[in-house]
Amino acid sequence: MPHYSIFTLARNALTGHDRWTEAWRSPPLKPHYDVVIVGGGGHGLATAYYLAKEHGITNVAVLEKGWIGGGNTGRNTTIVRSNYLYDESAGLYEHSLKLWEGLTRELNFNIMFSQRGVMNLAHDHHEARDLKRRVHANRLNGVDSEWLDRKAVLKFCPVLNGDPGIRYPVYGATLQRRAGVARHDAVAWGYARGADAAGVDIIQNCEVTGFTIDQGRIAGVETTRGVVKARKVGVVVAGHASVLAGMAGIRLPIETHPLQALVSEPLKPILHTVVMSNAVHAYCSQSDKGELVIGAGSDLYVSYAQRGGFNVIEETMTAIVEMFPIFSRVNMMRQWAGIVDICPDASPIIAKMPVAGLYFNCGWGTGGFKATPGSGHVFAHTIARDEPHPINAPFTLERFSSGALVAEHGAAAVAH
Ligand SMILES: Cc1cc2nc3c(=O)[nH]c(=O)nc-3n(C[C@H](O)[C@H](O)[C@H](O)COP(=O)(O)OP(=O)(O)OC[C@H]3O[C@@H](n4cnc5c(N)ncnc54)[C@H](O)[C@@H]3O)c2cc1C
């Protein structure tokens, strides 16, 4: 058991950095790997796990500049759903949701996946039409989705403000009952443990600072711990994708923004589902510890700083109090931000890059936590076989020049 100083405990309390990651001892870095994964978030660790499990590739290193799960994986509001509008997205997120449904058993690690339903509110007739269209599209894709009228919404979630005279009254909602929440850091640890058991080296405090490229083909990575040779390199560094791509001479159509969230003091169980409103741009659920988990829209300016503007928090709280007057006197306990990379069509890139043997998985914006298992699964396939899995075939870099976008921004309600 490692020794904990006051400083370590204080930092852990502030950052969510956990005893489990603290106890993790990185193995020594080997000089050569078949595959190097850059980024030890949920997506990177899931990729390593599936490379070993599905493709028998175990000479793999996951290189993480900080500690595993300390990026967006440990900072998100944990919403998992698959009710996206377009066929391509529905295919990707439903693939992931199916993996979530068996993940605790698969990893033998309790990820506390709770299918408590996600409701997307409509506040007027126009919004209702838009959301009903999505319900029909979801059903055609085999994704469970239903429309609740105002009475049914208030019956399903009685703590919502039912006053018809407010600025954004409840008109109706979509409900995906199989959607819900999970414990985000447990997902990183579960995949890390599974990958480690299969022989993958997970190296913390190892930042990738450049790529070695030989005649158009990847040959390895440069790191703060020296050069590592690799036949293939998969990069999954949410918020830093364009920085890493730039090191390989590739320009990505990505903007990086802060995205904030906050949690309240713990309460007795009061909110048993996830409620989201696109119009007021706020959403809320209650964690198993009793905290209200509140999320917002991304800050509008670009930044790599993991903190956001107070105005976003102010607007979010105004919206939450309007939706749930019952929460108006609850104290907020913690607020934080991650940095998310957003593609113009709000869909990810999971693809081969112009440099042979180099693969990028990025652009998940505000909604990649739900994709963690599916993303790792198809990215591992793409790296192992040097061709995309049919599910991620539409999510190329080339779509930004061909115009074959998967424009989920307006289509997916709140994008988390
Ligand atoms: C406040 C907030 C709320 C969110 N809410 C939701 C939600 O409710 N539902 C949802 O689906 N999604 C949500 N998201 C988005 C989701 O968190 C991300 O899309 C997802 O976690 C991305 O996972 P990842 O593994 O790709 O990234 P990360 O967990 O960020 O992992 C990337 C890792 O790469 C490392 N790295 C970066 N550069 C280097 C380098 N040069 N060398 C080595 N390592 C490097 C980082 O340290 C980091 O650990 C939210 C995000 C935020 C910030």
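Whatever order the structure lists ligands and atoms in, that order sets their numbers, starting from 1.
- Within ligand 1, the atoms closer than 4.0 Å to a non-hydrogen atom of Lys370 are 9 (N), 10 (C), 11 (O), numbered from 1 in the order shown.
- Of all the heavy atoms of Lys65, the ones lying under 4.0 Å from any atom of ligand 1 are found in both the backbone and the side chain.
- Atoms of ligand 1 lying under 4.0 Å from any heavy atom of Tyr283, numbered from 1 in the order shown and given with element: 5 (N).
- Note: no N/O pair closer than 3.5 Å links Gly70 and ligand 1 by distance alone.
- Residue contact check: Leu63 has heavy atoms under 4.0 Å from atoms 43 (C), 44 (N) of ligand 1.
- Tyr304 and His240 have parallel rings, their planes meeting at less than 30° on a 0 to 90° scale where 60° marks the start of perpendicular.
- If you number the atoms of ligand 1 from 1 as listed, the ones under 4.0 Å from a heavy atom of Gly365 come out as 15 (C), 19 (O).
- Of the heavy atoms in Thr223, none comes closer than 4.0 Å to ligand 1.
- Nearest to atom 7 (C) of ligand 1 by heavy atom, out of Thr77, Asn361, Thr372, is Thr77.
- When each atom of ligand 1 is checked for a heavy atom of Arg75 under 4.0 Å away, the hits are 1 (C), 2 (C).
- Looking at Trp67, Phe369, Trp336, Trp364, it is Phe369 that brings a heavy atom closest to atom 20 (C) of ligand 1.
- In this structure, of Met247, Glu64, Gln260, the residue bringing a heavy atom nearest to atom 47 (O) of ligand 1 is Glu64.
- Contacts between Cys206 and ligand 1 below 4.0 angstrom, taking non-hydrogen atoms only, involve the backbone exclusively.
- Taking the ring centre of Tyr84 as origin, the terminal cationic atom of Arg81 falls inside the region bounded by 6.0 Å and 45° from the ring axis.
- Distance check: Asp386 CG to Lys232 NZ gives 5.0 Å after rounding to the nearest 0.5 Å.
- Distances from atom 28 (P) of ligand 1 to the heavy atoms of Ile339, Asn72, Ile37 put Asn72 nearest.
- Ring centroid separation for the pair Tyr191 and Phe109 does not come in under the 6.0 Å cut-off.
- When Thr47, Thr366, Ile79 are ranked by how near their heavy atoms come to atom 6 (C) of ligand 1, first place goes to Thr366.
- For atom 50 (C) of ligand 1, the nearest non-hydrogen atom from the set Asn76, Val118, Val36 comes from Asn76.
- Heavy-atom proximity to Leu244, at under 4.0 Å, picks out these atoms of ligand 1: 41 (N).
- Of all atoms in ligand 1, listed by their number and element, those nearer than 4.0 Å to a heavy atom of Val38 are 42 (N), 43 (C).
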